[in-house]
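Below is one structure, written out as structure tokens, with a few remarks after it.
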Amino acid sequence: MAICFLTSAFNNGFTPVFERVFKRYLLTGNQDAGNFVFIASDFDDPHGNLRWAEEIRGKFGEIGVLFSGFQIVDHTVSPTQAEKYIRDAQVVWLSGGDTLRQIASFQEYHLRELLMGFDGIVIGMSAGSINMADRVVLARNIYDRSPQLEIYQGLGLVEINIEPHLDPVNAEHLDDILEASVHAPIYGLFDDSFILDDGQKVTIYGPYCLYNLQNGETSIR
């Protein structure tokens with residue numbers, strides 16, 4: 001079973017809290033952190049994917065985590081090659097980007113089946129975190145190419161639905177989140193906050209908002 005991190009964004013590098021928690025689960029006694037696989041959001045943008053993947057690798061380098069292998073999964077590799085990359089990985093990163101376009105690519109490459117059997121660390125950022133859920137409840141967001149509420153099967157790694165880059169003063173989008181929370185609790189994550197699901201318990205690091213109109217609950221924590 002994978003160790004799962006759900007993140008929103010780290011605009012100024014990984015936080016000390018994320019570094020500490022991540023390194024706790026990185027089972028290595030030296031600087032070699034094994035193989036890292038970056039799974040893109042837009043599988044048709046190899047140049048952009050390389051740029052974003054290098055940026056993420058740079059963030060790990062800033063905290064002293066170096067990977068001996070570094071692969072990108074998009075349309076430059078086949079589903080068979082992607083399966084090999086994931087099978088040999090210690091850390092898998094699910095990129096941010098267009099949430100619906102990403103899940104279509106994940107389905108094309110059968111990543112649900114591959115990742116549900118993965119025994120390493122999976123880190124989602126933004127869209128990647130959203131699509132980690134078993135049953136994704138995606139709030140309408142006219143600013144992010146999600147013109148209506150969507151409910152669909154995700155990767156099945158966690159039972160958590162998140163809203164990344166939370167802006168609680170955006171009243172229009174808050175109504176969209178509340179509408180989605182009728183169908184499942186939505187954890188609104190501020191940038192730099194993250195959620196850890198280690199298979200035993202779920203722990204939330206940093207401030208967040210819980211929206212759950214199933215129970216009539218809205219709270220900031």
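By convention here, the first residue in the shown sequence is residue 1.
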Quick one: closest heavy-atom pair of [X] and [Y], and the distance?
X	Y	value
Gln90	Gly34	OE1-CA, 3.1 Å
Val92	Leu115	CG1-CD2, 4.3 Å
Trp93	Ile56	CZ2-CD1, 3.5 Å
Glu163	Ala139	OE1-CB, 3.9 Å
Ser8	Met125	O-CG, 3.3 Å
Glu19	Lys23	OE2-NZ, 2.8 Å

Open item on the list: Can you tell me which residue among Asn11, Thr7, Thr15, Asn12 is in a side-chain hydrogen bond (donor to acceptor under 3.5 Å, both in side chains) with Asp191?
Closed with: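 So the option named by the test is Asn11.
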Check whether any side-chain heavy atom of [X] lies under 4.5 Å from a side-chain heavy atom of [Y], and answer yes or no.
X	Y	answer
Asp197	Leu157	no
Arg24	Val21	yes
Tyr211	Leu166	yes
Cys4	Leu196	no
Asp98	Asp42	no
Phe22	Val65	yes
Thr76	Asn49	no
Ile123	Phe194	no

- [ ] Check the pair Leu114, Tyr109 against side chain to side chain contact (heavy atoms under 4.5 Å, CB included), reporting the backbone distance first and the verdict last.
- [x] CA-CA 9 Å; Leu114 293 178; Tyr109 274 55; over 6 Å; no
Task: Test applied, side chain to side chain contact (heavy atoms under 4.5 Å, CB included); reference residue, Val158; option that passes from Leu155, Ile160, Asn161, Ile162 - done: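 Answer to the side chain to side chain contact (heavy atoms under 4.5 Å, CB included) test with Val158 among Leu155, Ile160, Asn161, Ile162: Ile160.
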For residues [X] and [Y]: do they belong to one hydrophobic cluster (side chain heavy atoms under 4.5 Å, members Ile, Leu, Val, Met, Phe, Trp, Tyr)?
X	Y	value
Leu178	Val182	yes
Met1	Phe5	no
Ile39	Met116	no
Tyr152	Phe43	yes

- [ ] Verify, without hydrogens or angle tests, whether Ser193 (side chain) and Pro207 (backbone) share a donor-acceptor contact under 3.5 angstrom.
- [x]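 Checked: pair present.
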Open item on the list: Looking at Arg112 and Gly154, would you say the former's side chain and the latter's main chain have a donor-acceptor pair under 3.5 Å?
Closed with: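 The answer is yes, because a donor-acceptor pair under 3.5 Å joins these two groups.
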Distance in Å, [X] [atom1] paired with [Y] [atom2], rounded so as to fall on 0.5 Å steps:
X	Y	atom1	atom2	answer
Leu100	Ser41	CG	OG	9.5 Å
Leu149	Asn141	CG	CG	12.0 Å
Asp44	His75	CG	NE2	5.5 Å
Asp167	Cys209	CG	SG	10.5 Å
His173	Arg140	NE2	CZ	9.5 Å
Tyr187	Leu210	OH	CG	5.0 Å

Open item on the list: Run Thr99 and Ile103 through side chain to side chain contact (heavy atoms under 4.5 Å, CB included) and show every step you take.
Closed with: CA-CA 6 Å; Thr99 308; Ile103 195 61; over 6 Å; no
Task: Pair Arg57 + Glu54, salt bridge at N-O below 4.0 Å - done: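 Yes.
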Open item on the list: Check this for me: does any side-chain nitrogen of one of Glu55 and Arg51 sit under 4.0 Å from a carboxylate oxygen of the other?
Closed with: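 Looking at Glu55 and Arg51, the cut-off is not met.
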Open item on the list: Using the rule given for side chain to side chain contact (heavy atoms under 4.5 Å, CB included), can you reason through Asp74 versus Asp45, listing the C-alpha separation, both sets of side-chain angles and the distance that settles it, and then say yes or no?
Closed with: CA-CA 8 Å; Asp74 58 17; Asp45 183 19; over 6 Å; no
TODO: Go through Phe14 and Phe60 one step at a time and tell me if the ring pair (Phe, Tyr, Trp, His ring centres under 6.0 Å) criterion holds.
DONE: CA-CA 8 Å; Phe14 295 139; Phe60 280 110; 4.8 Å; yes
Task: Derivation of the ring pair (Phe, Tyr, Trp, His ring centres under 6.0 Å) call for Phe18 and Phe10 - done: CA-CA 10 Å; Phe18 180 83; Phe10 297 103; 4.9 Å; yes
- [ ] Any chance you could lay out the side chain to side chain contact (heavy atoms under 4.5 Å, CB included) test for Tyr205 and Asp192, step after step, and finish with the verdict?
- [x] CA-CA 9 Å; Tyr205 295 87; Asp192 291 333; over 6 Å; no
